[in-house]
2 protein chains.
Amino acid sequence: MRADLAERLLPIGRLAEATGCKIETIRYYEQIGLLPEGERTSGNQRRYTRRHLQILSFIRHARDLGFSVDAIRDLLKLSADPARPCAEADAIAAAHLADVRAKIARLRNLEQELERMTRLHCSGAIADCRVIEVLADHGKCMHDSH
Amino acid sequence: MRADLAERLLPIGRLAEATGCKIETIRYYEQIGLLPEGERTSGNQRRYTRRHLQILSFIRHARDLGFSVDAIRDLLKLSADPARPCAEADAIAAAHLADVRAKIARLRNLEQELERMTRLHCSGAIADCRVIEVLADHGKCMHDSH
DNA sequence: ATAGGACCTGAAGTCGCTAGAGGTTCAAGA
DNA sequence: TCTTGAACCTCTAGCGACTTCAGGTCCTAT
(Lines give C-alpha, C1' and ligand atoms only; values in the text may rest on other atoms or scores of the structure.)
Protein backbone atom coordinates (compact mmCIF):
# COMPACT_ATOMS: atom_id res chain seq x y z
CA MET A 1 0.00 0.00 0.00
CA ARG A 2 2.78 2.32 0.92
CA ALA A 3 4.72 1.00 -2.06
CA ASP A 4 1.70 1.50 -4.28
CA LEU A 5 1.46 5.11 -3.34
CA ALA A 6 5.10 5.66 -4.00
CA GLU A 7 5.34 3.68 -7.20
CA ARG A 8 2.07 4.04 -9.00
CA LEU A 9 0.62 7.38 -8.04
CA LEU A 10 1.86 10.69 -9.32
CA PRO A 11 1.93 13.85 -7.26
CA ILE A 12 0.60 16.87 -9.07
CA GLY A 13 4.04 18.11 -10.04
CA ARG A 14 4.85 14.90 -11.88
CA LEU A 15 1.55 14.95 -13.67
CA ALA A 16 2.22 18.53 -14.70
CA GLU A 17 5.64 17.57 -15.97
CA ALA A 18 4.32 14.59 -17.88
CA THR A 19 1.55 16.50 -19.64
CA GLY A 20 3.07 19.92 -20.07
CA CYS A 21 0.16 21.32 -18.12
CA LYS A 22 0.75 23.76 -15.29
CA ILE A 23 0.03 22.65 -11.75
CA GLU A 24 -2.46 25.46 -11.26
CA THR A 25 -4.27 24.49 -14.42
CA ILE A 26 -4.60 20.93 -13.23
CA ARG A 27 -6.14 22.14 -9.97
CA TYR A 28 -8.40 24.38 -11.99
CA TYR A 29 -9.56 21.51 -14.21
CA GLU A 30 -10.29 19.49 -11.12
CA GLN A 31 -12.20 22.36 -9.62
CA ILE A 32 -14.47 22.76 -12.63
CA GLY A 33 -14.98 19.01 -12.81
CA LEU A 34 -13.17 18.43 -16.06
CA LEU A 35 -10.51 16.18 -14.60
CA PRO A 36 -11.75 13.69 -12.00
CA GLU A 37 -10.40 14.35 -8.54
CA GLY A 38 -7.34 12.44 -7.54
CA GLU A 39 -7.07 10.64 -4.24
CA ARG A 40 -5.39 12.43 -1.41
CA THR A 41 -2.59 11.44 0.91
CA SER A 42 -3.24 11.61 4.63
CA GLY A 43 -1.63 15.03 4.43
CA ASN A 44 -4.19 16.18 1.84
CA GLN A 45 -1.97 16.15 -1.21
CA ARG A 46 -3.27 14.94 -4.56
CA ARG A 47 -2.08 11.65 -6.06
CA TYR A 48 -2.97 10.73 -9.63
CA THR A 49 -3.16 7.51 -11.61
CA ARG A 50 -2.22 6.67 -15.19
CA ARG A 51 -5.85 7.21 -16.06
CA HIS A 52 -5.61 10.83 -14.98
CA LEU A 53 -2.52 11.17 -17.11
CA GLN A 54 -4.46 9.97 -20.16
CA ILE A 55 -7.41 12.21 -19.55
CA LEU A 56 -5.27 15.24 -18.94
CA SER A 57 -3.25 14.62 -22.09
CA PHE A 58 -6.49 14.46 -23.97
CA ILE A 59 -7.70 17.71 -22.45
CA ARG A 60 -4.47 19.49 -23.28
CA HIS A 61 -4.55 18.36 -26.87
CA ALA A 62 -8.15 19.29 -27.33
CA ARG A 63 -7.63 22.72 -25.77
CA ASP A 64 -4.66 23.29 -28.04
CA LEU A 65 -6.94 22.53 -30.95
CA GLY A 66 -9.39 25.14 -29.82
CA PHE A 67 -12.12 23.04 -28.27
CA SER A 68 -13.98 24.72 -25.46
CA VAL A 69 -14.08 23.17 -22.04
CA ASP A 70 -17.71 22.26 -22.61
CA ALA A 71 -16.93 20.51 -25.88
CA ILE A 72 -14.20 18.58 -24.14
CA ARG A 73 -16.64 17.58 -21.47
CA ASP A 74 -18.81 16.05 -24.21
CA LEU A 75 -15.93 14.24 -25.81
CA LEU A 76 -14.86 12.86 -22.46
CA LYS A 77 -18.33 11.62 -21.77
CA LEU A 78 -18.16 9.83 -25.11
CA SER A 79 -15.05 7.97 -24.19
CA ALA A 80 -16.06 7.27 -20.63
CA ASP A 81 -19.03 5.15 -21.52
CA PRO A 82 -18.17 2.43 -24.04
CA ALA A 83 -21.65 0.94 -23.86
CA ARG A 84 -23.29 4.14 -24.93
CA PRO A 85 -25.54 3.92 -27.96
CA CYS A 86 -23.87 4.95 -31.12
CA ALA A 87 -26.33 7.51 -32.41
CA GLU A 88 -25.42 9.81 -29.59
CA ALA A 89 -21.76 9.38 -30.15
CA ASP A 90 -22.23 10.00 -33.85
CA ALA A 91 -24.11 13.19 -33.18
CA ILE A 92 -21.44 14.59 -30.91
CA ALA A 93 -18.69 13.51 -33.24
CA ALA A 94 -20.47 14.95 -36.26
CA ALA A 95 -21.04 18.26 -34.56
CA HIS A 96 -17.41 18.46 -33.65
CA LEU A 97 -16.37 17.40 -37.10
CA ALA A 98 -18.26 20.33 -38.57
CA ASP A 99 -16.62 22.55 -36.01
CA VAL A 100 -13.18 21.23 -36.83
CA ARG A 101 -13.75 21.75 -40.53
CA ALA A 102 -14.86 25.31 -40.00
CA LYS A 103 -11.75 25.93 -37.94
CA ILE A 104 -9.55 24.46 -40.63
CA ALA A 105 -11.15 26.58 -43.31
CA ARG A 106 -10.70 29.71 -41.28
CA LEU A 107 -7.11 28.92 -40.47
CA ARG A 108 -6.35 28.19 -44.09
CA ASN A 109 -7.52 31.64 -45.02
CA LEU A 110 -5.30 33.10 -42.39
CA GLU A 111 -2.43 30.98 -43.57
CA GLN A 112 -2.76 32.18 -47.12
CA GLU A 113 -2.97 35.76 -46.04
CA LEU A 114 0.03 35.51 -43.77
CA GLU A 115 1.94 33.66 -46.44
CA ARG A 116 1.23 36.32 -48.98
CA MET A 117 2.36 38.90 -46.50
CA THR A 118 5.67 37.32 -45.70
CA ARG A 119 6.51 35.82 -49.07
CA LEU A 120 7.62 39.06 -50.64
CA HIS A 121 10.62 39.70 -48.51
CA CYS A 122 10.86 43.39 -48.57
CA SER A 123 13.80 45.49 -49.54
CA GLY A 124 14.71 46.61 -46.09
CA ALA A 125 12.59 49.42 -44.75
CA ILE A 126 9.17 49.50 -43.17
CA ALA A 127 8.10 52.02 -45.73
CA ASP A 128 7.52 49.27 -48.27
CA CYS A 129 6.95 46.35 -45.96
CA ARG A 130 4.25 44.00 -47.17
CA VAL A 131 3.15 43.04 -43.73
CA ILE A 132 2.28 46.54 -42.70
CA GLU A 133 0.85 47.33 -46.09
CA VAL A 134 -1.52 44.41 -46.17
CA LEU A 135 -2.71 45.00 -42.67
CA ALA A 136 -3.29 48.65 -43.31
CA ASP A 137 -5.29 48.19 -46.46
CA HIS A 138 -8.27 45.91 -46.68
CA GLY A 139 -8.19 46.16 -50.42
CA LYS A 140 -4.96 44.22 -50.51
CA CYS A 141 -6.42 41.38 -48.53
CA MET A 142 -7.44 38.33 -50.51
CA HIS A 143 -9.52 36.29 -48.18
CA ASP A 144 -13.23 36.72 -47.98
CA SER A 145 -14.03 35.96 -44.40
CA HIS A 146 -14.53 39.62 -43.68
CA MET B 1 -13.62 75.64 -37.17
CA ARG B 2 -17.15 74.64 -36.44
CA ALA B 3 -17.41 73.39 -40.01
CA ASP B 4 -14.19 71.45 -39.55
CA LEU B 5 -15.61 69.67 -36.59
CA ALA B 6 -18.77 68.78 -38.41
CA GLU B 7 -17.21 67.81 -41.71
CA ARG B 8 -13.90 66.22 -40.95
CA LEU B 9 -14.23 64.60 -37.57
CA LEU B 10 -16.09 61.40 -36.89
CA PRO B 11 -18.04 60.69 -33.75
CA ILE B 12 -17.42 57.27 -32.28
CA GLY B 13 -20.54 55.74 -33.84
CA ARG B 14 -19.40 56.67 -37.33
CA LEU B 15 -15.96 55.29 -36.70
CA ALA B 16 -17.53 52.08 -35.46
CA GLU B 17 -19.69 51.87 -38.55
CA ALA B 18 -16.79 52.55 -40.87
CA THR B 19 -14.53 49.93 -39.35
CA GLY B 20 -16.99 47.27 -38.27
CA CYS B 21 -15.69 47.64 -34.74
CA LYS B 22 -18.09 47.99 -31.81
CA ILE B 23 -18.23 51.29 -29.99
CA GLU B 24 -17.31 49.65 -26.71
CA THR B 25 -14.34 48.02 -28.33
CA ILE B 26 -13.10 51.35 -29.65
CA ARG B 27 -13.32 52.86 -26.18
CA TYR B 28 -11.54 49.79 -24.86
CA TYR B 29 -8.72 50.14 -27.40
CA GLU B 30 -8.34 53.75 -26.42
CA GLN B 31 -8.28 52.82 -22.77
CA ILE B 32 -5.48 50.32 -23.21
CA GLY B 33 -3.55 52.75 -25.38
CA LEU B 34 -3.80 50.83 -28.62
CA LEU B 35 -5.72 53.52 -30.45
CA PRO B 36 -4.57 57.10 -29.78
CA GLU B 37 -7.15 59.19 -27.96
CA GLY B 38 -9.43 61.28 -30.09
CA GLU B 39 -10.07 64.92 -29.36
CA ARG B 40 -13.18 65.80 -27.40
CA THR B 41 -15.99 68.22 -28.07
CA SER B 42 -16.77 70.80 -25.41
CA GLY B 43 -19.40 68.33 -24.24
CA ASN B 44 -16.75 65.61 -23.77
CA GLN B 45 -17.63 63.44 -26.75
CA ARG B 46 -14.89 61.81 -28.81
CA ARG B 47 -14.16 63.04 -32.34
CA TYR B 48 -11.85 61.07 -34.59
CA THR B 49 -9.80 61.88 -37.68
CA ARG B 50 -9.07 59.91 -40.82
CA ARG B 51 -5.85 58.87 -39.17
CA HIS B 52 -7.78 57.13 -36.43
CA LEU B 53 -9.85 55.39 -39.06
CA GLN B 54 -6.69 54.04 -40.67
CA ILE B 55 -5.20 52.85 -37.44
CA LEU B 56 -8.39 51.19 -36.29
CA SER B 57 -8.77 49.41 -39.62
CA PHE B 58 -5.25 48.14 -39.21
CA ILE B 59 -6.02 46.91 -35.71
CA ARG B 60 -9.24 45.17 -36.74
CA HIS B 61 -7.58 43.48 -39.64
CA ALA B 62 -4.68 42.28 -37.55
CA ARG B 63 -7.02 40.99 -34.83
CA ASP B 64 -9.01 39.13 -37.48
CA LEU B 65 -5.78 37.47 -38.52
CA GLY B 66 -5.24 36.40 -34.95
CA PHE B 67 -2.50 38.78 -33.88
CA SER B 68 -2.47 39.54 -30.17
CA VAL B 69 -2.93 43.07 -28.94
CA ASP B 70 0.72 43.13 -27.95
CA ALA B 71 1.81 42.00 -31.40
CA ILE B 72 -0.34 44.73 -32.88
CA ARG B 73 1.24 47.27 -30.60
CA ASP B 74 4.61 46.22 -31.99
CA LEU B 75 3.40 46.34 -35.57
CA LEU B 76 1.95 49.79 -35.04
CA LYS B 77 5.19 51.04 -33.57
CA LEU B 78 7.03 49.60 -36.58
CA SER B 79 4.68 51.14 -39.08
CA ALA B 80 5.03 54.50 -37.40
CA ASP B 81 8.71 54.54 -38.24
CA PRO B 82 9.09 54.05 -42.01
CA ALA B 83 12.87 54.19 -41.92
CA ARG B 84 13.10 51.15 -39.72
CA PRO B 85 14.18 47.80 -41.15
CA CYS B 86 11.25 45.52 -41.74
CA ALA B 87 12.84 42.28 -40.61
CA GLU B 88 11.08 42.78 -37.31
CA ALA B 89 7.65 42.94 -38.85
CA ASP B 90 8.48 39.91 -40.94
CA ALA B 91 9.50 38.03 -37.84
CA ILE B 92 6.23 38.76 -36.07
CA ALA B 93 4.21 37.64 -39.06
CA ALA B 94 6.36 34.56 -39.63
CA ALA B 95 6.02 33.42 -36.04
CA HIS B 96 2.30 33.77 -36.30
CA LEU B 97 2.24 31.89 -39.57
CA ALA B 98 4.14 28.98 -38.04
CA ASP B 99 1.63 28.88 -35.25
CA VAL B 100 -1.31 28.82 -37.62
CA ARG B 101 0.23 26.03 -39.66
CA ALA B 102 0.85 23.87 -36.62
CA LYS B 103 -2.78 24.23 -35.65
CA ILE B 104 -3.98 23.32 -39.13
CA ALA B 105 -1.86 20.19 -39.13
CA ARG B 106 -3.26 19.02 -35.84
CA LEU B 107 -6.81 19.83 -36.78
CA ARG B 108 -6.45 17.79 -39.93
CA ASN B 109 -5.44 14.78 -37.90
CA LEU B 110 -8.43 15.22 -35.71
CA GLU B 111 -10.67 15.73 -38.72
CA GLN B 112 -9.59 12.40 -40.13
CA GLU B 113 -10.34 10.62 -36.90
CA LEU B 114 -13.75 12.20 -36.47
CA GLU B 115 -14.52 11.41 -40.08
CA ARG B 116 -13.53 7.82 -39.65
CA MET B 117 -15.72 7.61 -36.59
CA THR B 118 -18.86 8.91 -38.18
CA ARG B 119 -18.27 7.11 -41.44
CA LEU B 120 -18.21 3.75 -39.78
CA HIS B 121 -21.80 4.32 -38.62
CA CYS B 122 -20.31 2.48 -35.91
CA SER B 123 -20.49 -1.09 -34.98
CA GLY B 124 -22.25 -0.57 -31.70
CA ALA B 125 -19.93 0.71 -29.06
CA ILE B 126 -17.47 3.43 -28.33
CA ALA B 127 -14.93 0.89 -27.28
CA ASP B 128 -13.01 1.18 -30.53
CA CYS B 129 -13.32 4.91 -30.83
CA ARG B 130 -9.98 6.40 -31.57
CA VAL B 131 -10.78 10.05 -31.23
CA ILE B 132 -10.01 10.13 -27.57
CA GLU B 133 -7.09 7.85 -28.08
CA VAL B 134 -5.60 9.98 -30.81
CA LEU B 135 -5.91 13.12 -28.79
CA ALA B 136 -4.81 11.51 -25.58
CA ASP B 137 -1.75 9.79 -26.86
CA HIS B 138 1.09 11.74 -28.29
CA GLY B 139 2.53 8.59 -29.79
CA LYS B 140 -0.48 8.12 -32.04
CA CYS B 141 -0.26 11.62 -33.29
CA MET B 142 1.29 11.71 -36.75
CA HIS B 143 2.44 15.23 -37.00
CA ASP B 144 5.68 16.46 -35.58
CA SER B 145 4.88 19.92 -34.36
CA HIS B 146 5.18 18.88 -30.75
C1' DA C 1 15.45 16.35 13.64
C1' DT C 2 15.43 19.61 10.27
C1' DA C 3 15.82 22.15 5.98
C1' DG C 4 13.82 23.28 1.94
C1' DG C 5 11.26 22.01 -1.95
C1' DA C 6 6.68 20.52 -3.18
C1' DC C 7 2.28 21.03 -2.00
C1' DC C 8 -2.29 23.24 -0.07
C1' DT C 9 -6.43 26.89 -0.20
C1' DG C 10 -8.84 30.97 -1.40
C1' DA C 11 -8.97 35.22 -3.51
C1' DA C 12 -7.68 38.35 -6.88
C1' DG C 13 -5.70 39.45 -11.47
C1' DT C 14 -5.18 38.67 -16.67
C1' DC C 15 -6.76 39.09 -21.65
C1' DG C 16 -9.87 40.81 -24.93
C1' DC C 17 -13.63 42.09 -24.97
C1' DT C 18 -19.12 42.70 -23.87
C1' DA C 19 -23.12 44.29 -21.30
C1' DG C 20 -25.52 47.11 -18.20
C1' DA C 21 -26.95 51.06 -15.33
C1' DG C 22 -27.63 55.61 -15.02
C1' DG C 23 -26.62 60.00 -16.54
C1' DT C 24 -25.30 63.89 -20.40
C1' DT C 25 -24.96 65.93 -25.11
C1' DC C 26 -26.13 66.70 -29.78
C1' DA C 27 -28.86 67.84 -33.76
C1' DA C 28 -33.06 67.91 -36.27
C1' DG C 29 -37.88 69.14 -36.33
C1' DA C 30 -41.97 72.00 -34.42
C1' DT D 1 -35.91 78.70 -29.44
C1' DC D 2 -37.36 74.68 -27.38
C1' DT D 3 -37.95 69.82 -27.26
C1' DT D 4 -37.17 65.17 -27.97
C1' DG D 5 -34.85 61.06 -28.65
C1' DA D 6 -30.77 59.05 -30.56
C1' DA D 7 -26.13 59.02 -29.61
C1' DC D 8 -22.90 59.66 -26.43
C1' DC D 9 -20.51 59.52 -21.61
C1' DT D 10 -18.36 56.89 -17.27
C1' DC D 11 -18.08 53.29 -14.24
C1' DT D 12 -18.68 48.67 -12.85
C1' DA D 13 -19.23 43.91 -13.49
C1' DG D 14 -19.20 39.84 -16.23
C1' DC D 15 -17.31 36.17 -19.52
C1' DG D 16 -13.97 31.93 -20.44
C1' DA D 17 -9.95 29.91 -19.30
C1' DC D 18 -6.73 30.37 -16.95
C1' DT D 19 -2.51 32.64 -13.84
C1' DT D 20 -0.66 34.71 -9.85
C1' DC D 21 -0.31 35.65 -5.18
C1' DA D 22 -0.19 35.31 -0.07
C1' DG D 23 0.23 32.68 3.62
C1' DG D 24 0.34 28.61 5.11
C1' DT D 25 1.25 22.86 5.49
C1' DC D 26 3.49 18.50 4.10
C1' DC D 27 7.12 15.33 2.58
C1' DT D 28 11.49 13.51 2.12
C1' DA D 29 16.50 13.40 1.94
C1' DT D 30 20.26 14.15 4.86
Side-chain angles (χ1 to χ4, degrees), chain A residues 1-7 9-35 37-48 52 56 58-76 99 103 146, chain B residues 1-35 37-48 52 56 58-76 96 99:
Chain A
M1 190 62 181
R2 197 77 201 72
D4 280 346
L5 270 173
E7 285 169 28
L9 301 182
L10 304 164
I12 197 167
R14 289 279 163 78
L15 184 62
E17 215 177 297
T19 54
C21 195
K22 291 193 175 179
I23 289 176
E24 295 80 10
T25 308
I26 297 175
R27 287 200 280 249
Y28 170 73
Y29 286 155
E30 224 180 83
Q31 191 188 305
I32 63 170
L34 194 59
L35 184 69
E37 291 189 14
E39 282 167 29
R40 300 288 181 121
T41 64
S42 55
N44 201 34
Q45 299 196 356
R46 291 164 181 88
R47 290 298 116 107
Y48 295 100
H52 288 101
L56 186 54
F58 170 83
I59 293 171
R60 279 272 310 152
H61 252 95
R63 286 292 303 131
D64 273 1
L65 292 174
F67 286 96
S68 71
V69 164
D70 272 357
I72 295 171
R73 238 186 273 270
D74 282 351
L75 288 169
L76 281 174
D99 198 52
K103 281 198 173 93
H146 59 289
Chain B
M1 192 63 183
R2 198 77 200 74
D4 280 346
L5 271 173
E7 285 169 28
R8 287 194 7 248
L9 301 181
L10 303 163
I12 197 167
R14 288 280 164 77
L15 185 62
E17 215 177 297
T19 55
C21 195
K22 291 193 175 179
I23 289 176
E24 294 80 10
T25 307
I26 297 175
R27 287 200 279 249
Y28 170 72
Y29 285 157
E30 222 179 85
Q31 192 188 304
I32 63 168
L34 195 59
L35 184 69
E37 290 188 15
E39 282 167 31
R40 299 287 180 121
T41 64
S42 55
N44 200 34
Q45 299 197 355
R46 291 167 181 86
R47 288 299 114 106
Y48 295 100
H52 288 100
L56 187 54
F58 182 98
I59 293 170
R60 278 273 310 156
H61 201 172
R63 288 290 302 134
D64 272 0
L65 292 175
F67 289 94
S68 72
V69 164
D70 270 358
I72 295 172
R73 233 187 276 271
D74 286 349
L75 289 169
L76 281 173
H96 190 52
D99 207 54

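Hydrogens, waters and symmetry mates are skipped; everything else that's a heavy atom, side chains included, is used. Per chain, numbering begins at 1; letters A, B, ... match sequence-line order.
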(message) To check you understand the geometry: which heavy-atom pair defines the closest contact between Ile23(B) and Ala16(B), and what is its length?
(response)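 Of all heavy-atom pairs spanning Ile23(B) and Ala16(B), the closest is CG1-CB, 3.8 Å.
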
Within this structure, what is the [atom1]-to-[atom2] distance between [X] and [N], rounded to whole angstrom?
| X | N | atom1 | atom2 | result |
| --- | --- | --- | --- | --- |
| Glu30(B) | dG16(C) | CD | C1' | 16 Å |
| Glu24(B) | dC11(D) | CD | P | 16 Å |
| Leu35(B) | dC17(C) | CG | P | 13 Å |
| Leu10(B) | dC8(D) | CG | P | 11 Å |
| Gln31(B) | dC9(D) | CD | P | 13 Å |
| Leu9(A) | dC27(D) | CG | P | 13 Å |
| Ile72(A) | dG16(D) | CD1 | P | 14 Å |
| Ile26(B) | dC8(D) | CD1 | C1' | 12 Å |

(request) Could you please name the option among dC26(C), dC8(C), dA17(D) that lies closest to any side-chain atom of Arg63(A)? (result)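 Closest nucleotide among those given: dA17(D).
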
Quick check on [N]: is either OP1 or OP2 less than 4.0 Å from any side-chain nitrogen or oxygen of [X]?
| X | N | answer |
| --- | --- | --- |
| Thr25(B) | dT18(C) | yes |
| Ser42(B) | dT25(C) | no |
| Arg40(A) | dT9(C) | yes |
| Arg47(B) | dC9(D) | no |
| Tyr28(B) | dC15(C) | no |
| Tyr29(A) | dC18(D) | yes |
| Arg46(A) | dC8(C) | yes |

Flag side-chain contact, heavy atom, 4.5 Å: [X] against [Y]:
| X | Y | answer |
| --- | --- | --- |
| Arg47(A) | Leu10(A) | no |
| Ile59(B) | Val69(B) | no |
| Leu56(A) | Tyr48(A) | no |
| Leu9(B) | Thr41(B) | no |
| Arg73(B) | Asp70(B) | yes |

(request) Could you pick out which residue, Asp70(B) or Gln45(B), lies toward the 5' side of DNA chain C when each is mapped onto its nearest nucleotide? (result)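 Counting from the 5' end, the first nearest nucleotide belongs to Asp70(B).
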
(request) Using a cut-off of strictly less than 4.0 Å between a heavy atom of the residue and any atom of DNA chain C, enumerate the qualifying residues of residues 15-23 of chain B by number. (result)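 DNA chain C contact set from residues 15-23 of chain B: Lys22(B).
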
(request) Name all pairs fulfilling the side chain to side chain donor-acceptor pair (under 3.5 Å) condition that reach into residues 19-28 of chain A, sequence neighbours left out, sorted by first residue then second. (result)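 Listed once each, the pairs would be none.
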
(request) State which residues pass salt bridge (Lys or Arg N to Asp or Glu O under 4.0 Å) with Arg46(B); sequence neighbours excluded, sorted by chain then number. (result)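 Scan of Arg46(B) (salt bridge (Lys or Arg N to Asp or Glu O under 4.0 Å), adjacent residues dropped) gives Glu30(B).
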
(message) By the 4.0 Å heavy-atom rule, please label Arg27(B) as base, sugar-phosphate, or nothing.
(response)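 Base, at least one base atom sits under 4.0 Å.
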
